[in-house]
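Have a look at the structure below before the remarks.
Values below: every heavy atom of this structure, side chains too, minus hydrogens, waters and symmetry copies.
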Amino acid sequence: MTKDIYCPIIHGGLNIDIKNNRDATINPCCLRKDHINETDMWTNPKFLQLRQQNDNGIWDPGCWQCESNENAGLPSFRTGMIQKLGRPKNQTGPSRLDLMFDISCNLACRTCGPHNSTFWQQYLKTNNIPFSVNKPIKKVEEMIGLLETLDLTNLRMVVYCGGETLLGNSHWRLTEYLVSKNLNQQIELCFQTNGTQTISKQNLQLLDKFKSVKLHVSLDGVDQQFEYLRWPAKWQQVTENLYELRSQVNLNVEFLIEET
C-alpha cells in the first residue's frame with residue numbers, strides 16, 4: 001500500500017524569486033533549496049515529476065524538513081498546509097504563492113545579510129566591507145508580468161517575503177493588482193514583517209478588501225536580545241507600533257509572532 005504523504009504545496013505551491021538582479025528562480029515550496037531557472041513555471045517537467053513521486057508515496061530529498069518532523073511525531077509544514085488548503089490535485093494553477101521581488105529593508109538582522117536587505121548592503125558599503133550581491137531593482141512590475149502568465153483561479157494564499165514588506169510601495173502595488181483581478185475575497189494575504197513599519201490609512205483600506213490578512217511579525221527575543229538580533233530596531237518602538245497597528249486594523253487582520 002502506498003504511503004499517504006500527499007503535499008498540497010507540491011501539488012499547489014509556487015515559490016517565485018526575482019528579488020536580485022537575475023532571472024526568475026522557482027520551486028514549489030519556500031522550504032526547499034533547489035531553486036531552478038525556468039520560464040515554464042507551472043507545468044515544468046521537474047514539478048510534474050515531483051508531483052508523481054509524491055503520489056507514489058516517495059519522499060523527495062528536498063522535503064527533508066517535513067519528513068524529519070513527521071518521523072519524530074511532530075507537525076510539519078505539509079500537514080499544516082493540508083489543514084489550510086485541503087488536498088487539491090491536477091490544478092491548472094497554484095493555490096499558494098510565495099513571492100520575493102524587493103529586498104528593501106531598514107534593518108541589518110543577525111540572521112540576514114546583503115542578499116535580503118538593502119540596509120545590510122548600505123552598512124557594508126559604508127564600512128568598506130566587500131560583498132558580492134548587487135543592489136536589487138524593485139521588480140514589482142516584473143512579478144505582475146509573471147503572474148499574468150499563470151491561472152490564478154485556484155489561488156487561496158499569497159505570502160510576501162522581503163526585505164521588509166511594509167516598507168515602500170512595491171508590495172502595496174502588487175496588492176492592488178490582486179484586487180484588480182478580483183482575487184481579494186478568495187485569498188489569505190500574508191506579510192512577513194519586522195514590526196517597525198506603520199500602515200497608511202489608504203493601505204489599511206486596501207487590506208479591508210481581503211478575505212483574510214496575516215501580519216507575520218519576526219520577533220526572536222525581547223528587549224536587549226531583540227535589539228541585538230534586529231539591529232538597529234528598538235524594542236519599545238516596535239511594541240508601541242504593533243499595539244498601534246492592532247488598534248487600527250479590522251477583524252480580517254491577524255497578528256502572528258514568528259522566530260527565524
Side-chain angles (χ1 to χ4, degrees), residues 14-27 29-38 97-147 158-177 189-200 203 215-239 241-242 245 257-260:
L14 186 60
N15 185 87
I16 309 175
D17 183 351
I18 58 171
K19 62 189 175 186
N20 291 304
N21 292 331
R22 63 186 184 206
D23 296 330
T25 61
I26 58 173
N27 67 25
C29 177
C30 60
L31 296 181
R32 294 178 66 95
K33 304 302 181 184
D34 54 339
H35 298 273
I36 55 177
N37 293 86
E38 300 284 353
L97 286 170
D98 289 79
L99 305 179
M100 288 156 281
F101 52 92
D102 186 350
I103 69 167
S104 300
C105 190
N106 60 323
L107 300 184
C109 299
R110 296 271 173 174
T111 53
C112 191
H115 57 290
N116 274 333
S117 166
T118 50
F119 191 85
W120 253 118
Q121 293 183 7
Q122 176 186 331
Y123 173 82
L124 295 175
K125 184 177 180 179
T126 300
N127 290 276
N128 297 315
I129 302 172
F131 61 97
S132 60
V133 182
N134 292 322
K135 187 174 182 179
I137 301 170
K138 296 181 179 182
K139 292 186 172 183
V140 61
E141 297 303 330
E142 289 89 335
M143 180 62 78
I144 289 173
L146 290 174
L147 297 187
V158 175
V159 181
Y160 292 152
C161 312
E164 169 49 43
T165 61
L166 298 182
L167 183 67
N169 296 318
S170 291
H171 295 89
W172 298 115
R173 168 71 183 95
L174 189 48
T175 303
E176 291 171 346
Y177 166 78
L189 182 62
C190 304
F191 294 79
Q192 294 182 352
T193 176
N194 59 36
T196 63
Q197 300 301 301
T198 59
I199 300 177
S200 70
N203 289 329
L215 300 180
H216 296 253
V217 186
S218 298
L219 299 177
D220 306 291
V222 300
D223 297 322
Q224 292 181 346
Q225 184 184 48
F226 169 83
E227 294 177 1
Y228 174 81
L229 293 168
R230 297 278 168 182
W231 182 82
K234 297 299 181 183
W235 175 249
Q236 183 175 350
Q237 184 265 327
V238 168
T239 53
N241 184 58
L242 292 177
L245 280 176
I257 304 301
E258 294 189 345
E259 62 182 42
T260 302

Trp120 versus Cys105: any side-chain heavy-atom pair under 4.5 Å? no
So which heavy atom on Ala233 is nearest to which on Val238, and how close? CB-CG2, 4.4 Å
So do Thr196 and Asn241 actually touch side chain to side chain, heavy atoms under 4.5 Å? no
Criterion side-chain contact (heavy atoms from CB on, under 4.5 Å) on Leu219 and Trp235, from CA distance to verdict: CA-CA 10 Å; Leu219 299 177; Trp235 175 249; 4.1 Å; yes
First locate atom CG of Leu242, then atom CD of Gln237, and finally report the distance between them rounded to the nearest 0.5 Å. 9.0 Å
Contact summary for Asn106 and Pro232, nearest pair of heavy atoms: O-CD, 3.9 Å
Please name the pair of heavy atoms, one in Gln121 and one in Pro114, separated by the smallest distance, quoted to 0.1 Å. NE2-O, 2.9 Å
Quick one: are Asn116 and Met100 in side-chain contact, heavy atoms under 4.5 Å? no
At what distance, to the nearest 0.5 angstrom, does OG of Ser170 lie from CD1 of Ile144? 9.5 Å
In terms of heavy-atom contacts, does CG of Asn169 have more than 12 from other residues, nucleotides or ligands at under 6.0 Å? no
Least distance between heavy atoms, Leu146 atom then Ala24 atom: CD1-CB, 4.1 Å
Is the backbone N or O of Gly163 less than 3.5 Å from a side-chain atom of Ser117, with the two atoms forming a donor-acceptor pair by type? no
Could you grab the distance from atom SG of Cys109 to atom CZ of Phe119, nearest 0.5 Å is fine? 10.0 Å
Does some side-chain heavy atom of Asp223 sit less than 4.5 Å from a side-chain heavy atom of Glu227? no
Taking atom NE2 of His115 and atom CD1 of Ile103, what is their separation to the nearest 0.5 Å? 8.5 Å
Please examine the side chains of Phe191 and Thr175, heavy atoms only from C-beta on, and report whether any two atoms are closer than 4.5 Å. yes
Contact check, side chains of Leu174 and Val158, non-hydrogen atoms, under 4.5 Å: no
For the backbone of Arg32 and the side chain of Asn27, can you confirm whether one donor and one acceptor N or O come within less than 3.5 Å of each other? yes
In the structure I gave you, are the side-chain heavy atoms of Leu167 and Asp102 within less than 4.5 Å of one another anywhere? no
Any donor and acceptor pair, going by atom type alone, linking the side chain of Thr126 with main-chain N or O of Gln122 inside 3.5 Å? yes
Taking the six-membered ring for Trp, is the centroid-to-centroid distance between Trp172 and Tyr160 below 6.0 Å? no
Return the OG1 to CG distance between Thr193 and Leu215, rounded to the nearest 0.5 Å. 7.0 Å
Exceeds 12 heavy-atom contacts within 6.0 angstrom, atom OH of Tyr123: no
Polar contact flag, side-chain donor to acceptor under 3.5 angstrom, Glu164-Asn194: yes
Please tell me if the side chains of Phe101 and His171 come closer than 4.5 Å, counting only heavy atoms from C-beta onward. yes
Can you tell me how far apart SG (Cys161) and CD1 (Ile16) are? Round to the nearest 0.5 Å. 11.0 Å
Identified side chain to side chain contact (heavy atoms under 4.5 Å, CB included) counterpart of Ser218 within the set Glu259, Gln192, Arg230: Arg230
